[in-house]
Student: 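What follows is a single structure, and I will ask about it in a moment.
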Amino acid sequence: MAEYHPQDLDKKWQQHWADTQAFEVTEDHAKPKFYCLEMFAYPSGHAHVGHVRNYIIGDVVSRLKRLQGFNVLHPFGWDAFGLPAENAAIKNGIHPETSTLGNIAHMKGQLQRLGISYAWGRELATCLPNYYRWNQWLFTRMFEKGLAYRRRSTVNWCPSCHTVLANEQVVDGACWRCGTQVTQKDLEQWFFKITHYADDLLHAAEGLSKWPEKVLTMQRNWIGRSEGAKVRFAIQGDDASIEVFTTRIDTIYGATFMMLAPEHALVTSFAKESQDEKAFMEKVQRFRSQDRSGRLTGEVEKEGFFTGRFVINPFTNQPMPIWVANYVLAEYGTGAVMGVAAHDDRDREFATKYDLPIVPVINDDEVLIESGLYTGMPAAEAIKAITEEAEERGIGEGTVQFRLKDWGISRQRYWGTPIPMIHCPVDGVVPVPDYQLPVTLPMITEFTGRGDSPLASVPEFVNVKCPKCGGPARRETDTMDTFVDSSWYFYRFADAHNDQMPFDPKKVAYWCPVDFYSGGVEHAILHLIYSRFFARVFHDLGMIDHVEPFTHLLTQGMVLKDGAVMSKSKGNVVDPDSMIQKYGSDALRLYVMFVAPPEKEVEWSDSGLEGSFRFLARVWRGADQWREQVLASGAGPIDHASLTAAERGLRRKTHDTIRRVTADIDVRQQMNTAVSAMMELVNELYAFTDRFSAANATEDKRSAQAPKVAREAIETLIVMLSPFAPHTMEELWQMYGHADGLAGASWPAFDAIVAKAEELEIPVQVNGKLRGRVVAAPDIDDQALEALALADPNVQAHTAGKTIRKVVIAKGRLVSVVVA
RNA sequence: GCCGGGGUGGCGAAACUGGCAGACGCACAGGACUUAAAAUCCUGAGACGCGCAAGCGUCGUGCGGGUUCGAUUCCCGCCCCCGGCACCA
């Protein structure tokens, strides 16, 4: 009897897959394609089981789809630029490229030891020029189209990382990566005009039916569309006016004061015209320096002061004092707000504090009062009517506001894609022409972490000729946000080695969109919204036909250890390699899939892993026990009609398991119940084996067809279990005489006739309580079933002496008797 | 506050369209095998009560109500946990 030594099998079959290039694919129009992708990895050094769960999910889906006859693209790569490598270089002097490539090599080994079926031939790393040159290529296309532009702006600055952060990268006022409190800074920055697609990104989200509702909601909130109107209020004693954005123009008759954000452009001129400019600006400065996160979340108390100036309410013609208020946000709307104390909680709080007039203009029935011509009009109608009047009078117009901001991509760091732009004193900002791409990162040997862009200190890099006039010019020294890299890598996988273009549109047309994408929910807004944006850019460049890059999205849950997320600093990391050493990679893969549905968080359990190992060993023994008889009995078809009852029972279980497992993995992505179903089949196989080999067996023991029925069960199991435990199953498949490996196998076909139950046990309820069970043929007619149910002794005990009011029959499921 | 997801044995979970609640596994207990142990194989198990026993009964899916022959599932109200968003005018 062969012993189960999973570590040997891991080695043997991983070598086999590498030697046969088993997972490399090319476009094949004769086959349906399937593009299965897991979010690529930041090469931090070591993958723990939390990371690895995601790759196993994708691998199970990939291997299933291959068995189902799909041409499966399942690639992997590295999100290899980024701050940790650069920070490490500052600390220990190792060049980011050296550490990054070393980390990649180690993590790749970890994934290979897990037997993940990647097409390694398409592996990419974003830190290599053959990848990032296409970031640069795309940047210049976006510049030409006006989708990349430059402006001076107040930006989020992380004092620890020495870089700018996009709003999305600021979490609770702190840097998303290092947790340092973010400050504000004024810098010239490059932006991507994602707001150009704001409406489309929002509306198209409705069509993403195979995305988790949670992610779509988060994206909708992030885009934050709101319909309203802009209205201009004339400043008293001045030609200028102040424009506000409001969603409630119907409350304008109740607007009794005006508020400006401390950053509003008019604030400084009002200060100059005030009696005490210095005192005025001191108050403004205090507001501006108030903790940004506090201002954003409302933790800072509402404060303000009167500027001494007034605007005229264009509807009431009453003067409204202009205040500076710390809770008005400069970056949303126009940075100015009309104060309606009666109908806005914040304004009421402010007005009460400073004794400003509170004038109700809408009653409890949502009808306008004290609103001139509009008195008596329902609020919803009034919004339209008043907007129209504002438009006619030329003092305002209906408009749509988004919370989504353009994406600031400039980073003052070394380890990123150089922005391919040249500043010429004659020609201004000039893109680097395509033939000069890539603009490669110069070798820097010393990382100080001080000052601004490290690239600015490399004269050979900075000093260039202007591509237009040939005169001396300066290269842009900022690099791109690494989210640029990850916004289109899935297209590069479709044509990973193209040195003429980012990808061949024909190849992307074959493989994309991605059919199944899985990764952490922490990317619900950042990466996933940027990728949707880039898909639209490529679409508008005429390079792709679709606009949504990911058809089906699965957000996998985290793996916890001792109730906490695994992390090096907490010291609770479970290392896949040590688990593989102990139980083999298949046990780890199976356990991670069995413990819970993929979306759910799970708590790591060593004994659970051991249980999965035991199950695989049980499958191994179960198959090994039958091997000789199966090989001796030959391959002929099963004569179903002449089988014993036990044989028919095992076949039924086999086919029912095919049905369940297929639906569970393919349709529901419930890997855990698929594994349970296969465990049940194994239990049933053992019972069958016992019966067959027991000394007192008669009919079963004599049956010549038993090995064939066992073979069907075992081979079905091998194939269905192979996406989860590929090494073990390859070996068993070979032991069962298949020389061509599982690559030549196909997913088992479900036979409804074989799976059909011969008799059913049907529960009988009396007045809603279970009182008995009757055994009947599945096609028994209602009358006969009713008679059978009423004849059951325990049912009779509960119906005796009572009147039967009603009998409800749920075909094949239940009989319900109502008595009184 | 708003949005989304949850609450089921000692534990992880399952129950697909309203139809036997707790499949499958972990941990546990008993038996077989063994000189013994491990491993393996088999069996048991929601709680409580009655019974020598097969079995029978009552309760049971966060709490309270409702619809229904029948509710973990649908409806109304409430409590708690997790995640996201939150002064966005």
Side-chain angles (χ1 to χ4, degrees), chain A residues 212-222 224-226 228 244-249 251 259 294-302 325-329 331-340 343-347 349-350 401-403 521-522 524-525 555 557-558 591 594-597 599-612 614-615 617-618 621 659-660 663-664 667-668 670 672-680 682-683 686-687 689-690 761-773 794 797 805-819:
Chain A
E213 195 51 45
K214 175 164 70 167
V215 173
L216 294 175
T217 306
M218 284 164 75
Q219 293 211 349
R220 273 185 216 114
N221 288 343
W222 191 261
R225 183 182 201 273
S226 63
V244 302
F245 172 74
T246 177
T247 55
R248 295 298 305 273
I249 197 171
T251 64
M259 288 169 293
R295 273 182 72 193
L296 274 171
T297 56
E299 279 152 24
V300 170
E301 203 194 325
K302 290 177 183 49
N326 65 344
Y327 71 94
V328 177
L329 304 173
E331 64 266 29
Y332 185 77
T334 61
V337 178
M338 64 181 198
V340 184
H343 303 294
D344 182 286
D345 292 343
R346 298 155 299 177
D347 295 352
E349 190 186 330
F350 191 79
Q401 278 292 317
F402 293 94
R403 253 173 41 111
V521 72
E522 66 273 18
I525 27 194
T555 50
M558 288 182 293
Y591 166 66
F594 175 61
V595 65
E599 300 85 353
K600 210 170 155 155
E601 261 181 14
V602 296
E603 172 71 27
W604 176 261
S605 148
D606 285 330
S607 53
L609 172 60
E610 201 177 318
S612 292
R614 278 204 295 261
F615 171 69
R618 189 169 153 87
R621 285 189 301 270
R659 181 186 60 77
R660 284 171 64 186
D664 283 352
V667 184
R668 303 200 301 162
Q670 289 245 111
N672 55 328
T673 51
V675 176
S676 312
M678 291 187 279
M679 287 174 167
E680 283 183 46
V682 172
N683 291 343
Y686 267 68
T689 309
D690 262 6
E761 198 181 56
I762 296 170
V764 184
Q765 292 182 347
V766 179
N767 283 359
K769 290 197 167 155
L770 180 70
R771 297 300 184 192
R773 296 186 178 87
N794 200 42
R805 286 281 156 80
K806 193 163 146 190
V807 177
V808 180
I809 293 181
K811 208 138 189 78
R813 285 176 182 271
L814 173 126
V815 179
S816 182
V817 183
V818 187
V819 297

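Numbers restart at 1 for each chain; the letters A, B, ... are given by sequence-line order, proteins then strands. Predicted, not measured: the structure shown is a model, and the values here were computed from it.
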Student: A:Ile762 has an atom CD1; how far is it from atom C1' of B:G70, in whole Å?
Tutor: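 Between C1' of B:G70 and CD1 of A:Ile762: 16 Å.
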
Student: Say you pick atom P in B:G84 and the same atom in B:G77; how far apart are they, in whole Å?
Tutor: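 27 Å, rounded to whole Å.
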
Student: Nearest-Å distance, CD (A:Glu601) to P (B:C81)?
Tutor: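 That distance rounds to 16 Å.
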
Student: Distance check: side-chain N/O of A:Arg618 vs OP1/OP2 of B:C42, anything under 4.0 Å?
Tutor: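 Yes, such a contact exists.
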
Student: Between A:Gln670 and B:A15, is there a side-chain N or O to OP1/OP2 distance below 4.0 Å?
Tutor: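 Answer yes for this pair, as a side-chain N or O of A:Gln670 is under 4.0 Å from OP1 or OP2.
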
Student: Out of B:C24, B:G4, B:A14, which nucleotide sits closest to the side chain of A:Thr217?
Tutor: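 The answer is B:G4, which lies nearest to the side chain.
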
Student: What is the base-pairing partner of B:G77, counting Watson-Crick and G-U wobble geometry with both distances under 3.5 Å?
Tutor: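 The base-pairing partner of B:G77, which may sit in any strand shown, is B:C63.
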
Student: So, OP1 or OP2 of B:A86: does either fall under 4.0 Å of a side-chain N or O from A:Arg403?
Tutor: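 Result: yes.
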
Student: In whole Å, what separates the P atom of B:G70 from that of B:G55?
Tutor: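 One P to the other, the span is 28 Å.
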
Student: On the nucleotide B:G57, are OP1 or OP2 found under 4.0 Å from the side-chain N or O atoms that A:Arg771 carries?
Tutor: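 For A:Arg771, the contact criterion (side-chain N or O under 4.0 Å from OP1 or OP2 of B:G57) is met.
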
Student: Taking the C1' atom in each of B:C80 and B:G64, what is the distance between them to the nearest angstrom?
Tutor: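 It works out to 15 Å between them.
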
Student: For A:Ala596 and A:Met218, take the nucleotide of RNA chain B holding the closest heavy atom to each; which residue's nucleotide lies nearer the 5' end?
Tutor: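 By nearest-heavy-atom nucleotide position, the 5'-most residue is A:Ala596.
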
Student: Any base atoms under 4.0 Å from A:Gln765, or only sugar-phosphate, or nothing? Heavy atoms, all strands.
Tutor: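 Since a base atom lies under 4.0 Å of A:Gln765, the category is base.
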
Student: Mind checking A:Ser605 for me? I need base, sugar-phosphate or nothing, with any heavy atom below 4.0 Å counting as a touch.
Tutor: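 Nothing, no heavy atom under 4.0 Å.
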
Student: Kindly give the heavy-atom pair with the smallest separation between A:Met338 and A:Thr251, and that separation in Å.
Tutor: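 That would be CE-OG1, 3.8 Å.
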
Student: If you compare every side-chain N and O of A:Lys769 against the phosphate oxygens of B:G70 (OP1, OP2), does one of them come in below 4.0 Å?
Tutor: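 For B:G70, neither OP1 nor OP2 has a side-chain N or O of A:Lys769 closer than 4.0 Å.
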
Student: Need one value for A:Gly333: base, sugar-phosphate or nothing, where a base atom within 4.0 Å counts as base even if backbone is also close, heavy atoms only.
Tutor: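 Result for A:Gly333 = nothing.
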
Student: Test side-chain contact (heavy atoms from CB on, under 4.5 Å) on A:Asp344 and A:Arg248; report intermediate values, then the result.
Tutor: CA-CA 10 Å; A:Asp344 182 286; A:Arg248 295 298 305 273; over 6 Å; no

Student: Taking only the C1' atom of each, what is the distance from B:C20 to B:G10 in whole angstrom?
Tutor: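 Rounded to whole Å, the distance is 25 Å.
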
Student: Of the nucleotides B:C24, B:C85, B:C20, which one has an atom closest to the side chain of A:Arg773?
Tutor: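 Selected nucleotide (nearest to the side chain): B:C20.
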
Student: Can you tell me the base-pairing partner of B:G55? Count Watson-Crick or G-U wobble geometry only, both distances below 3.5 Å, and say none if there is no partner.
Tutor: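 When the pairing criteria are applied, B:C50 turns out to be the nucleotide that pairs with B:G55.
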
Student: Does A:Tyr686 make a side-chain N or O approach to OP1 or OP2 of B:C41 shorter than 4.0 Å?
Tutor: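 Looking at the OP1 and OP2 atoms of B:C41, one of them is under 4.0 Å from a side-chain N or O of A:Tyr686.
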
Student: Roughly, in whole Å, what's the span from CG in A:Leu609 to P in B:G12?
Tutor: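 From A:Leu609 CG to B:G12 P: 18 Å.
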
Student: Roughly, in whole Å, what's the span from CD in A:Glu603 to P in B:G10?
Tutor: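 Taking atom P of B:G10 as the reference, CD of A:Glu603 is at 19 Å.
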
Student: C1' atom, B:C59 versus B:A21: distance in rounded Å?
Tutor: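 Result for the C1' pair: 13 Å, nearest Å.
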
Student: Given B:A89, is OP1 or OP2 found less than 4.0 Å from the side-chain N or O atoms of A:Ser226?
Tutor: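 Yes.
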
Student: In this structure, how many angstroms lie between the P atom of B:A15 and the CG atom of A:Leu814, rounded?
Tutor: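 For the pair A:Leu814 CG and B:A15 P, the rounded distance is 20 Å.
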
Student: State whether A:Tyr327 and A:Lys302 meet the cation-pi test: NZ (Lys) or CZ (Arg) under 6.0 Å from the six-membered ring centroid, and within 45° of the perpendicular axis.
Tutor: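 Yes, A:Lys302 sits over the ring of A:Tyr327.
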
Student: Given that both distances must come in under 3.5 Å, which nucleotide forms a Watson-Crick or G-U wobble pair with B:G83?
Tutor: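 Matched B:G83 with B:C3 under the 3.5 Å cut-off.
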
Student: Should B:A23 form a Watson-Crick or G-U wobble pair with both distances under 3.5 Å, which nucleotide is its partner?
Tutor: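 Base partner found: none.
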
Student: So what does A:Val808 hit on the nucleic acid, given a heavy-atom distance under 4.0 Å: a base, only sugar-phosphate, or nothing?
Tutor: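 Base, at least one base heavy atom under 4.0 Å.
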
Student: Can you tell me, in whole Å, how much space there is between the C1' of B:U67 and that of B:U73?
Tutor: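 Straight-line distance between the two C1' atoms is 14 Å.
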
Student: For A:Gln401, is there any backbone N or O sitting under 3.5 Å from a side-chain donor or acceptor partner on A:Tyr332?
Tutor: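 Checking the backbone N and O of A:Gln401 against the side chain of A:Tyr332, no donor-acceptor pair under 3.5 Å is found.
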
Student: Treating A:Arg403 as the side-chain partner and A:Asn221 as the backbone partner, does any N or O pair qualify as donor plus acceptor under 3.5 Å?
Tutor: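 Yes; at least one donor-acceptor contact below 3.5 Å.
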
Student: Can you check the A:Met679 CE to B:A23 P distance for me, whole Å?
Tutor: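 Going from CE in A:Met679 over to P in B:A23 covers 14 Å.
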
Student: Check if the side chain of A:Ser676 and the base of B:A23 share a donor-acceptor pair of N or O atoms closer than 3.5 Å.
Tutor: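 Such a pair is found, so the answer is yes.
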
Student: Could you tell me whether A:Asp664 contacts a base, only the sugar-phosphate backbone, or nothing, with contacts defined as non-hydrogen atoms closer than 4.0 Å?
Tutor: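 No contact at all - A:Asp664 keeps every heavy atom at 4.0 Å or more from the nucleic acid.
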
Student: Strictly below 4.0 Å: does A:Arg813 bring a side-chain N or O up to OP1 or OP2 of B:C16?
Tutor: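 Indeed not, no polar side-chain atom of A:Arg813 lies that close.
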
Student: I want to confirm an ordering. Mapping A:Ala677 and A:Ala687 to their closest nucleotides on RNA chain B, which one lands closer to the 5' end?
Tutor: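 Its nearest nucleotide lies further toward 5', so the answer is A:Ala677.
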
Student: Could you go step by step and tell me if A:Trp604 and A:Tyr591 meet the side-chain contact (heavy atoms from CB on, under 4.5 Å) rule?
Tutor: CA-CA 10 Å; A:Trp604 176 261; A:Tyr591 166 66; 3.5 Å; yes

Student: Is A:Tyr327 close enough to B:A89 that one of its side-chain N or O atoms is under 4.0 Å from OP1 or OP2 there?
Tutor: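 It does not, given that no N or O in the side chain of A:Tyr327 lies less than 4.0 Å from OP1 or OP2 of B:A89.
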
Student: It should be established whether A:Asn794 places a side-chain nitrogen or oxygen under 4.0 Å from OP1 or OP2 of nucleotide B:G55.
Tutor: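 Negative; the distance criterion is not met.
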
Student: For atom C1', what is the distance between B:G22 and B:G12, given to the nearest Å?
Tutor: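 Comparing C1' positions in B:G22 and B:G12 gives a spacing of 13 Å.
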
Student: With respect to the phosphate group of B:G25, does any side-chain polar atom (N or O) of A:Asn683 fall under 4.0 Å of OP1 or OP2?
Tutor: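 Checking B:G25 against A:Asn683, a side-chain N or O does come within under 4.0 Å of OP1 or OP2.
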
Student: Base of B:G9 relative to its sugar, syn (within 90° of 0) or anti?
Tutor: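 Chi for B:G9 falls in the syn range.
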
Student: If I pick the P atom on B:A54 and the same atom on B:G60, what distance separates them, to the nearest angstrom?
Tutor: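 Going atom to atom, P in each nucleotide, I get 25 Å.
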
Student: Which base, if any, makes a Watson-Crick or G-U wobble pair with B:A32, both distances under 3.5 Å?
Tutor: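 Base-paired to B:U40.
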
Student: After noting the C-alpha distance and the side-chain angles of A:Leu814 and A:Gln765, does the key distance pass the side-chain contact (heavy atoms from CB on, under 4.5 Å) rule?
Tutor: CA-CA 8 Å; A:Leu814 173 126; A:Gln765 292 182 347; 3.6 Å; yes

Student: OP1 or OP2 of B:C69 versus the side-chain N and O atoms of A:Lys806: is any pair under 4.0 Å?
Tutor: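 Affirmative; the distance criterion is met.
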
Student: Please tell me which of the listed nucleotides, B:C69, B:C85, B:A89, lies nearest to the side chain of A:Ile525?
Tutor: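 Selected nucleotide (nearest to the side chain): B:C85.
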
Student: Would you mind classifying the nucleic acid contact of A:Arg220 as base, sugar-phosphate or nothing, using non-hydrogen atoms under 4.0 angstrom?
Tutor: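 No contact.
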
Student: Between B:C26 and A:Ser607, counting only base atoms on the nucleotide and side-chain atoms on the residue, is there a donor-acceptor pair under 3.5 Å?
Tutor: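 Looking at the base of B:C26, it does not pair with any donor or acceptor on the side chain of A:Ser607 (distance under 3.5 Å).
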
Student: Regarding A:Pro212, tell me which of base, sugar-phosphate or nothing describes its non-hydrogen contacts under 4.0 Å with the strands shown.
Tutor: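 If one applies the 4.0 Å heavy-atom cut-off, A:Pro212 turns out to touch nothing in the nucleic acid.
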
Student: Looking at every strand, decide which applies to A:Arg668 at a 4.0 Å heavy-atom threshold: base, sugar-phosphate, or nothing.
Tutor: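 Sugar-phosphate: the residue A:Arg668, judged by heavy atoms under 4.0 Å, touches backbone atoms but no base.
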
Student: Which nucleotide, B:A15, B:G25, B:A89, lies nearest any side-chain atom of A:Phe594?
Tutor: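 Closest nucleotide among those given: B:G25.
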
Student: Roughly how many Å is it from CG in A:Leu770 to P in B:G60, rounded to a whole number?
Tutor: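 Rounded to whole Å, this separation is 16 Å.
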
Student: Carefully, step by step, assess A:Val521 and A:Glu599 under the rule side-chain contact (heavy atoms from CB on, under 4.5 Å).
Tutor: CA-CA 9 Å; A:Val521 72; A:Glu599 300 85 353; over 6 Å; no

Student: Measure from CZ on A:Arg621 to P on B:U40 and round the result to the nearest Å.
Tutor: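 The distance from CZ of A:Arg621 to P of B:U40 comes to 6 Å, rounded to the nearest Å.
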
Student: Would you mind reporting whether A:Val819 and A:Arg805 have side-chain heavy atoms less than 4.5 Å apart?
Tutor: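 Heavy-atom side-chain distance check fails, nothing below 4.5 Å.
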
